[in-house]
Amino acid sequence: MSSRRADFRETFLAEAEKVGIVDERYYDLVFDTCEHLLTVDQAVPLLRVSGAQGSGKSTVAQFLALVLDNCFDKKAAVLSLDDFYLTRQARIDLSEAVHPLLRVRGVPGTHDTDLMLSVIKKLQSGQSAEAPRFEKADDDRSPEVQQLGPVDVVITEGWCLGAKPQARQLLAEPCNTLERTKDKDCLWREFLNDQLETRYPPIFECDLSLFLAVPSFDAVFRWRLQQEQRLAEERSGVALLDEEGVRAFIAHYERVTWQMLKDLPIEADIVAYLNERHEIAGVTHNSRPQ
């Protein structure tokens, strides 16, 4: 296996450089995670990758699938939580029924968790499955679907995968201007917290978890803005978020992000700590294969 690891390194690094990753430690993180996953005694093991906006979780998930295929002869399906956003109309309906802030995609309560769980279960049982595809530039679900499976491994990736609900008394104090001005009665915060407690745990279950720990919330802003700029280049002529828009957007996720940075370095199986340059500053393992 050490030979296969060495043989694929240059190919991996060349692919990583195309998306702006020049830190070679990403290859070691990905390869080691794949090795760890394949010690799991499951017919179709499930790997969960999480991290704040801009942390690189989607890219890392795709690289995990690439290494599994090329170095371990294992086919993986990557399920992004983002593709399971509720449709724009469903979120409009939710915002009118519960709270106006729920019109904005991404927070707990704005995903179709039942659909995601059904796709996970099908793939883990060895079947094929259809998964939705979300177009962020259009802020709505695409009419096209993804045909997945059968596969050897399932990878789920999403910003809040593994997030824990907060103690109720912590919800009362706003964490930013958004909460202070647009959620004065705390209804939005309480709804998100309830969703994390009741609806999301089934899609958080996994055989192995990888958490990308961001160094600061300012880094989340910078990296999320870079993503928006790349998307604008890919979708020429499409108006996307500017700096002010990105700041307002990520404010919706700040509370849950801070809580994850407290909880997941303890609870995730593998934790990669990122520095301000988006390099891997260190990796810890909270579990080892038996």
Side-chain angles (χ1 to χ4, degrees), residues 12 15-16 19 21 23 25-40 42 44-69 71-72 74-85 106 108 111 113 116-117 119-120 123-124 131 134 146 148 151-164 200-215 219-220 223-224 227 253 256-257 260-261 263-274 278-287 289:
F12 177 94
E15 291 299 313
V19 293
I21 294 177
D23 183 0
R25 286 169 291 190
Y26 274 92
Y27 183 59
D28 296 322
L29 171 68
V30 168
F31 199 97
D32 290 344
T33 300
C34 292
E35 279 193 322
H36 192 155
L37 179 67
L38 295 179
T39 66
V40 171
Q42 292 287 348
V44 182
L46 173 60
L47 168 64
R48 188 187 77 205
V49 182
S50 58
Q53 287 79 12
S55 61
K57 60 192 174 298
S58 300
T59 299
V60 168
Q62 293 297 332
F63 282 147
L64 284 159
L66 183 69
V67 169
L68 283 166
D69 183 20
C71 297
F72 298 90
K74 300 292 184 181
K75 184 178 180 182
V78 178
L79 296 179
S80 172
L81 180 65
D82 290 0
D83 280 323
F84 292 85
Y85 287 136
H111 304 94
T113 55
M116 185 171 185
L117 183 61
V119 173
I120 291 171
L123 291 173
Q124 282 202 286
F134 196 90
Q146 305 174 67
L148 304 173
V151 294
D152 304 300
V153 173
V154 178
I155 301 171
T156 59
E157 62 90 0
W159 81 276
C160 67
L161 295 182
K164 303 290 185 182
Y200 280 66
I203 65 167
F204 293 169
E205 293 181 5
C206 61
D207 297 302
L208 188 73
S209 59
L210 168 62
F211 179 57
L212 304 178
V214 298
V220 173
W223 297 344
R224 183 62 181 80
Q227 285 185 337
Y253 313 125
V256 176
T257 297
M260 291 180 71
L261 287 170
D263 294 334
L264 289 193
I266 300 170
E267 298 185 2
D269 296 303
I270 304 170
V271 183
Y273 293 90
L274 308 180
H278 220 300
E279 300 166 338
I280 296 176
V283 177
T284 61
H285 294 258
N286 293 323
S287 68

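Put simply, the side chain of His36 never gets that close to the backbone of Leu208: no donor and acceptor are under 3.5 Å apart. Between the Arg48 side chain and the Glu157 main chain, no donor and acceptor come within less than 3.5 Å of each other. Panel note: side chain Arg224, backbone Gln53; no donor-acceptor pair is recorded below 3.5 Å. Looking at Ser50, its side chain does come within 3.5 Å of a backbone N or O of Leu161 through a donor-acceptor pair. The backbone N or O of Gly106 lies less than 3.5 Å from a partner atom in the side chain of Trp159, making a donor-acceptor pair. Using modelled atom types, no side-chain atom of Glu279 and backbone atom of Asp23 make a donor-acceptor pair closer than 3.5 Å. In this structure, the side chain of Asp69 does not engage the main chain of Lys75 through any donor-acceptor pair within 3.5 Å. Under the 3.5 Å distance criterion, the side-chain polar atoms of Asp207 are left unmatched by any main-chain donor or acceptor of Val40.
Counting all heavy atoms, side chain and backbone alike, Pro45 lies closest to Asp152 at CD-O, 3.3 Å. Nearest heavy-atom pair, Leu81 versus Gly158, reported as atom, atom and distance to 0.1 Å: CB-CA, 3.8 Å. Taking both residues in full, the closest heavy atoms of Ala131 and Leu79 are given as CB-CD2, 4.3 Å, listed atom of the first, atom of the second, then distance. When all heavy atoms of Ile203 and Thr113 are compared, the closest pair comes out as CG2-O, 3.6 Å.
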Worksheet entry | Full working for side-chain contact (heavy atoms from CB on, under 4.5 Å) between Val271 and Leu264 | CA-CA 8 Å; Val271 183; Leu264 289 193; over 6 Å; no
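Side chains of Glu267 and Asn286: no donor on one and acceptor on the other come within 3.5 Å.
Side-chain rings of Phe31 and Phe72 approach one another, their centers coming within less than 6.0 Å. For Phe63 and Phe12, the ring centers are positioned less than 6.0 Å apart.
Taking SG of Cys34 as the start and CG of Leu64 as the end, the distance is 5.0 Å to the nearest 0.5 Å. Taking CD of Gln62 as the start and CD of Glu15 as the end, the distance is 11.5 Å to the nearest 0.5 Å.
Ring orientation note: the planes of His111 and Tyr85 are close to parallel, at an angle under 30° on the 30°/60° scale.
For the pairing with Val60, the side-chain contact (heavy atoms from CB on, under 4.5 Å) check across Thr33, Leu210, Ile155 returns one residue only, Leu210.
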